[in-house]
There are 2 protein chains.
Amino acid sequence: MRNLPERDSPERDMPDHGISVSRFSTRPLYLQARDAIAQRIAAGEWKPHVAIPNENELARTFGVSPGTMRKALDLAEAERLLTRRQGRGTFVNDPSSGEQRERYNSIRGRDGKRICGDVEVLNLLETTVNERECLRLRLRLRERVIRIRRLRLTDGKPYMLEDVAMPAKLFPNLTTHQDASQRFVVLAQQFGVLLGKGEERLAIGAAAPDVAAALQVEEGATVMRLDRVIYTLEGKPAEWRLGQCLMEGRHYLAELN
Amino acid sequence: MRNLPERDSPERDMPDHGISVSRFSTRPLYLQARDAIAQRIAAGEWKPHVAIPNENELARTFGVSPGTMRKALDLAEAERLLTRRQGRGTFVNDPSSGEQRERYNSIRGRDGKRICGDVEVLNLLETTVNERECLRLRLRLRERVIRIRRLRLTDGKPYMLEDVAMPAKLFPNLTTHQDASQRFVVLAQQFGVLLGKGEERLAIGAAAPDVAAALQVEEGATVMRLDRVIYTLEGKPAEWRLGQCLMEGRHYLAELN
DNA sequence: AAGTGGTCTAGACCACTCA
DNA sequence: GAGTGGTCTAGACCACTTG
């Protein structure tokens, strides 16, 4: 256990709802503090664009030192949960606004700017996972997924057909909602799912008949296949998407780190 | 200026060769310390696989507190200059070994593993920049570049044609060297250039006659165009590469952050 | 002037590795 | 057991923003 300054039992007077910071856990305090921050944001307790308490106050309420609190805040900022601005405060990020909304969209136009088209839902259902979904979403057989087929358009012209699958567990009763045409990032926010890293596999393919019809091109036309998985902050798969995209006048921008 | 504990002029007894840490600079001390680390590595003063002095000793020699030194080391580790292992020490990374060597190579085979083929140099010269090189490498007109055309092969079969351009300033007398077939990462190491981020633009194209000939496919065959720029740690462009790649049985893996 | 995050200090103990 | 990095503490002053 770690050094306990003066106080005998720091967590005695803390209520035990949700995630708290405990010295009886082996998990480092700064990670516990970050978890607590993430939990408050996911639960909507701290809302986007609103400032959260300052470092010293947070340190006091979590029962850790300011230095440890700072480390937790640094981490949360790197994970895009927060934005800190010197002299102003620490603000909860809004995944559905500005750059953040298009975080996982790497398709750019000739000008190098992101293409943010309209979305048209072609199909939406909840079923049992198939084999590929099992693999990508790391689900067990017989688990349920929400499956969406949708079309993205710019200026009324379709450019990408998407087949999306999401674990039904993470998005309860999504099919009864009206808003399946929302961007995934916005959906996740509404369901209290915080998103982390993702990976996307790109290959070149030929449009199958149904794909060609949806994209309004001839069968066998060359398309870019974008096979993408987005994970939650904790690393669980939250979305698998197979996109089939016409690349004339467009490119994909990848960051190398 | 920052708080100067007891000592009047901390840098008086420090020799002034190369990068040092000075309280008369407005640059934060932890960044100055990281710069000093990077400089020693780039200069070959600290060699790959060898442990550098421990945190407290570094803090003493740079004249900063252990906490500040730690922040510098954390940064250097995030930038892949170092690897720290609890209980063992801090070791200089070797860009030319293992995972590091293929850091910027995102092409994978059917099994998901990186494809690390052989390299055949078709052409190598030093000339004045052309328009596109100017743009990508942020050079001025009339500056010099090293231009290489090379072929990558697996099992003796070509799969990617690469046109590479590098600022001649960063790689003096490269054309006289024998080793232009080296991977870029290895070249950079040899010339004391530390590498940072990169970006790659992917598009679908058709093979021009010379490209088709080099790749041993028919003219107009579908290829993936990989337009990549790699920057130094300080953010200056160090390499521009236009790859034209046959994607049958291969895919590109992009990380999303 | 007051409040915020950014930087910095000078220690402490813990977990891990290795001789 | 000695040495390393990993975590944690409890302060300080600085730079920036806002009323």
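None of the values given here were measured: they were computed from a predicted structure. Order of the sequence lines fixes the chain letters, A, B, ..., with proteins taken first and strands second; residue numbering starts at 1 for each chain.
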S.K.: In whole Å, what is the span from the CD atom of Glu55(B) to the C1' atom of dT7(D)?
M.R.: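 Answer to the nearest Å: 11 Å.
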S.K.: Just to be sure I understand the geometry, which residues of residues 83-94 of chain A put a non-hydrogen atom under 4.0 Å away from DNA chain C?
M.R.: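 When residues 83-94 of chain A is checked for heavy atoms under 4.0 Å from DNA chain C, the hits, listed by number, are Arg84(A), Arg85(A), Gln86(A), Gly87(A), Arg88(A), Gly89(A), Thr90(A).
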S.K.: For the pair made of CD1 in Ile37(B) and P in dG5(D), what is the distance, rounded to whole Å?
M.R.: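 Atom CD1 in Ile37(B) sits about 11 Å away from atom P in dG5(D).
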S.K.: Which of residues 69-79 of chain B sit near DNA chain C, with a heavy atom under 4.0 Å from it?
M.R.: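 Residues of residues 69-79 of chain B that come under 4.0 Å of DNA chain C are, in numerical order, Lys71(B).
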S.K.: Let me confirm one number: the CD-CG distance from Glu77(B) to Leu82(B), rounded to the nearest 0.5 Å.
M.R.: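 Reported value, rounded in 0.5 Å steps: 7.0 Å.
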S.K.: Using atom CD of Glu57(A) as one end and atom P of dG5(C) as the other, report the distance to the nearest whole Å.
M.R.: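 Taking atom P of dG5(C) as the reference, CD of Glu57(A) is at 10 Å.
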S.K.: Using atom types as modelled and distance alone, determine if a side-chain donor or acceptor of Asp94(B) lies under 3.5 Å from a backbone N or O of His49(B).
M.R.: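 Looks like no, no N/O pair under 3.5 Å.
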S.K.: What heavy-atom pair brings Pro53(A) and Trp46(A) nearest, and what distance separates the two atoms?
M.R.: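 Taking Pro53(A) first and Trp46(A) second, the nearest heavy atoms are CD-CZ2, 4.1 Å.
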S.K.: With the side chain of Leu29(A) defined as its heavy atoms from C-beta on, choose the nearest nucleotide among dG5(D), dT9(D), dC8(C).
M.R.: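 The listed nucleotide nearest to Leu29(A)'s side chain is dT9(D).
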S.K.: Between Gln32(B) (CD) and dT7(C) (P), how many Å, whole number?
M.R.: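 After rounding, the gap between these two atoms is 13 Å.
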S.K.: Can you measure Arg60(B) atom CZ to dG11(C) atom P for me and round it to whole angstrom units?
M.R.: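 Nearest whole value for this atom pair: 12 Å.
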S.K.: Which atom pair, heavy atoms only, marks the closest approach of Val129(A) to Leu141(A)?
M.R.: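 Looks like CG2-CA, 4.3 Å.
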S.K.: Which atom names give the shortest non-hydrogen contact between Gly63(A) and Arg23(A), and what distance separates them?
M.R.: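 Where Gly63(A) meets Arg23(A) most closely, the heavy atoms are O-NH2, 2.8 Å.
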S.K.: Is there side-chain contact between Pro48(A) and Gln189(A), with at least one heavy-atom pair below 4.5 Å?
M.R.: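 Pro48(A) vs Gln189(A): side chains touch.
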S.K.: Looking at dT7(C), dC8(D), dA10(D), which one has an atom nearest to any side-chain atom of Pro28(B)?
M.R.: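 Taking heavy atoms from C-beta onward, the closest nucleotide is dT7(C).
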S.K.: From dT9(C), dG6(C), dG6(D), pick the nucleotide closest to the side chain of Arg23(B)?
M.R.: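 Selected nucleotide: dT9(C).
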S.K.: Whole angstroms only, please: what is the CG-C1' distance between Asn56(A) and dG11(D)?
M.R.: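 Asn56(A) atom CG is separated from dG11(D) atom C1' by 10 Å.
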S.K.: Taking all non-hydrogen atoms of both residues into account, name the closest pair between Leu29(B) and Ser22(B) and its distance.
M.R.: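 Closest heavy-atom pair between Leu29(B) and Ser22(B): CD2-O, 4.0 Å.
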S.K.: For dC8(C) and Tyr30(B) - does any side-chain N or O of the residue sit under 4.0 Å from the phosphate oxygens OP1/OP2?
M.R.: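 No, Tyr30(B) has no side-chain N/O under 4.0 Å of OP1/OP2 on dC8(C).
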S.K.: For dT9(D), does either OP1 or OP2 sit under 4.0 Å from a side-chain N or O belonging to Thr68(A)?
M.R.: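 Checking dT9(D) against Thr68(A), a side-chain N or O does come within under 4.0 Å of OP1 or OP2.
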S.K.: Roughly, in whole Å, what's the span from CD1 in Ile52(A) to C1' in dG3(C)?
M.R.: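 It is 15 Å, rounded to the nearest whole Å.
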S.K.: Consider salt bridge (Lys or Arg N to Asp or Glu O under 4.0 Å). Of Glu199(A), Glu133(A), Glu162(A), which one does Arg241(A) pass it with?
M.R.: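 Among Glu199(A), Glu133(A), Glu162(A), the one that satisfies the salt bridge (Lys or Arg N to Asp or Glu O under 4.0 Å) with Arg241(A) is Glu162(A).
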S.K.: I want to verify a distance call: between dT7(C), dT9(D), dG5(D), whose nearest atom is closest to the Asn54(B) side chain?
M.R.: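 For Asn54(B), the side-chain atoms sit closest to dG5(D).
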S.K.: Can you tell whether the side chains of Glu255(B) and Lys197(A) come within less than 4.0 Å, N to carboxylate O?
M.R.: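 No, Glu255(B) and Lys197(A) are not salt-bridged.
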